[in-house]
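Computed from a predicted model, the values in this text were never measured in an experiment. Because only heavy atoms are used, hydrogens play no part in the values below, and waters and symmetry mates are left out as well, while side chains stay in.
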Amino acid sequence: MELDIFPSAAEHCAGVVLDNLGRAYPYSAHHTQRSAEDRPTPSELHPSFYTSFDWHSCVHMHWLGVSVLNSVVAAGREAGAADDGGRGLDEATAAQLRGALGENLTAEKLAVEASYLADNPSWERPYGWAWLVRLAAACAGSPDEEIRGWGRNLEGCVDVVARLVEEWLAKAEYPVRHGLHTNSAFGVALLLDAFRALGRADAVEACEAAARGWFASDAGWASEWELSGQDFLSAGLSEADLMQRVLPADEFAAWLERFLPALRADSRMLAVVGVTDESDGYMVHLHGLNLSRAGQIARVVRALKGASAASSAEPVLAGALEPLLRAGLAALSSEDFMSTHWLASFAWDALESMAELTPAV
């Protein structure tokens, strides 16, 4: 998976995950108290996901850790190594990462997480849901038996989220379009891929129907207006990234021409953005915007390459990809926890999408 642009990705990301899983505080709890006595600690509410500043960040730190292990195990097997569990990492780090993840992803702890989700049906919708199901898919598809066991432990959580997604999408008349956690397109895109990987046909159908109902007729996206000061997602690219998952290649290429008819190399939605204060938890979102845009652009470009006719948007998008990725990766050098509790997950996601694009170039 690693590219020359970040050859130490596995080592760096493993270190980030281990640091996060060892940090119980600060923690931002989003629990709704129902009485004066309702004051549980984060670890009581969420025995699997009580570190990394907040629940959803802890979930995608687990996804990142599993992704790193999957990558190094797969690389070792490709090389024909007899002991491949630490390929790309020193053995001690690989063992420590495996142990930290395994300690949290037990059936008993995850049953508590599933119960909390069921009792709080709109909590972490859809962002936290999406990362949880994505974590389950990464585990279930692992080349490693122990990691697949974690996937089996997560099945109860997936059952709950699949039901909640279907119920939500059946009544959600309008999508949320801003560039933060509640963005509908971003969440549904991750959910759709993960549900497909897990064979959850009803949830897949619900996600596809919602995407078409919300976005199929969209045109003339205001690409110059979408950026606001705390976005970590491009609302327009999130929508395009979802639709490339739903529409056949030719249909998607035509949809994108209608959606972004005025896209130019200097369009604001493709420009690198900076952060003036990395200790500000909202301003630092803009580092993530560079990385999420890079990952989304890579996936959109790959979809356009599958169309029968050339798209005028493809070279424009492709030209923006590397500057965004380099700017986002440079931000990983920050030691401020407002960056380190989440940003590496988006870096890995962008690098994976870049790697998938490379053979098609």
Side-chain angles (χ1 to χ4, degrees), residues 1-3 6-23 46 48-75 85-89 93-105 110 124 127-144 146-147 150-151 154 157 181 186-187 190 193-194 197 232-233 284-285 287-288 290-292 294-295 325 328-329 331-335 337-356:
M1 195 258 355
E2 294 180 358
L3 303 175
F6 191 15
S8 60
E11 179 183 0
H12 177 91
C13 290
V16 169
V17 173
L18 287 169
D19 177 70
N20 269 271
L21 299 193
R23 289 202 192 199
H46 304 297
S48 292
F49 307 120
Y50 64 92
T51 63
S52 313
F53 188 71
D54 53 24
W55 189 87
H56 54 252
S57 298
C58 192
V59 171
H60 62 72
M61 276 293 145
H62 282 74
W63 169 83
L64 177 59
V66 167
S67 297
V68 169
L69 287 179
N70 283 344
S71 174
V72 297
V73 169
R87 178 71 58 171
L89 297 175
T93 301
Q96 189 179 1
L97 181 59
R98 185 180 289 269
L101 294 168
E103 183 177 346
N104 290 342
L105 299 178
L110 290 166
E124 287 283 357
Y127 184 81
W129 293 355
W131 282 106
L132 185 65
V133 182
R134 195 180 196 194
L135 167 62
C139 291
S142 175
D144 182 272
E146 182 181 17
I147 298 174
W150 301 341
L154 280 155
C157 290
H181 303 83
F186 180 82
L190 294 191
D193 275 357
F232 66 91
L233 299 170
V284 81
H285 279 176
H287 282 324
N290 290 324
L291 288 169
S292 67
L325 183 61
L329 292 178
L332 297 184
S333 63
S334 171
E335 296 182 358
F337 191 48
M338 288 300 99
S339 293
T340 60
H341 80 270
W342 65 283
L343 199 58
S345 301
F346 282 83
W348 190 274
D349 178 80
L351 288 166
E352 278 192 330
S353 295
M354 281 283 289
E356 291 169 0

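- Nearest heavy atoms, Ser345 versus Met61: OG-CE, 3.9 Å.
- Partners of Asp349 by salt bridge (charged side-chain N to carboxylate O under 4.0 Å, His left out), not counting sequence neighbours, listed by chain and number: Arg134, Arg299.
- With contacts defined as side-chain heavy-atom distances shorter than 4.5 Å, the pair Leu89/Val68 qualifies.
- Interatomic distance, CG of Asn104 versus CG of Leu110, reported as 8.5 Å (0.5 Å rounding).
- Looking at residues two or more places apart in sequence or on another chain, you find no salt bridge (charged side-chain N to carboxylate O under 4.0 Å, His left out) involving Glu103.
- Annotation: the span from Leu135 atom CG to Cys157 atom SG amounts to 9.0 Å, rounded to 0.5 Å.
- Partners of Trp342 under the ring pair (Phe, Tyr, Trp, His ring centres under 6.0 Å) rule, at least two apart in sequence or in another chain, are Phe232, His285, Phe346.
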- [ ] Mind running side-chain contact (heavy atoms from CB on, under 4.5 Å) on Trp63 and Val133 for me, showing each step along the way?
- [x] CA-CA 10 Å; Trp63 169 83; Val133 182; over 6 Å; no
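- The shortest non-hydrogen separation linking Ala344 to Leu64 is CB-CD2, 3.8 Å.
- In this structure, the side chain of Ser71 does not engage the main chain of Ser67 through any donor-acceptor pair within 3.5 Å.
- Between Val284 and Met338, the shortest heavy-atom contact is CG1-O, 3.4 Å.
- Applying the side chain to side chain contact (heavy atoms under 4.5 Å, CB included) criterion to Asn70, with sequence neighbours excluded, gives Val66, Ala138, Ser142, Pro143, Ile147.
- Pairing each heavy atom of Ala130 with each of Leu190, the nearest pair is CB-CB, 3.7 Å.
- Remark: side-chain polar atoms of His12 are not paired, donor with acceptor, to backbone N or O of Ser8 under 3.5 angstrom.
- Residues Trp348 and Cys13 come closest through the heavy atom pair CE3-SG, 3.7 Å.
- Remark: the backbone N or O of Thr340 is paired with a side-chain donor or acceptor of Asn20 at under 3.5 angstrom.
- Between Tyr127 and Phe186, the ring planes lie parallel to each other; the angle is under 30°, not in the 30° to 60° tilted range.
- In this structure, the separation between CD on Glu11 and CZ on Phe6 is 9.0 Å, given to the nearest 0.5 Å.
- For the ring pair (Phe, Tyr, Trp, His ring centres under 6.0 Å) test, no residue two or more places apart in sequence or in another chain qualifies with Tyr50.
- Atom CG of Asp144 and atom CZ of Arg98 lie 4.0 Å apart (nearest 0.5 Å).
- Contact check for Val16 versus Leu332: no side-chain heavy atoms found under the 4.5 Å cut-off.
- Every residue two or more places apart in sequence or in another chain that forms a side chain to side chain contact (heavy atoms under 4.5 Å, CB included) with Ala100 is listed here: Leu18, Leu21.
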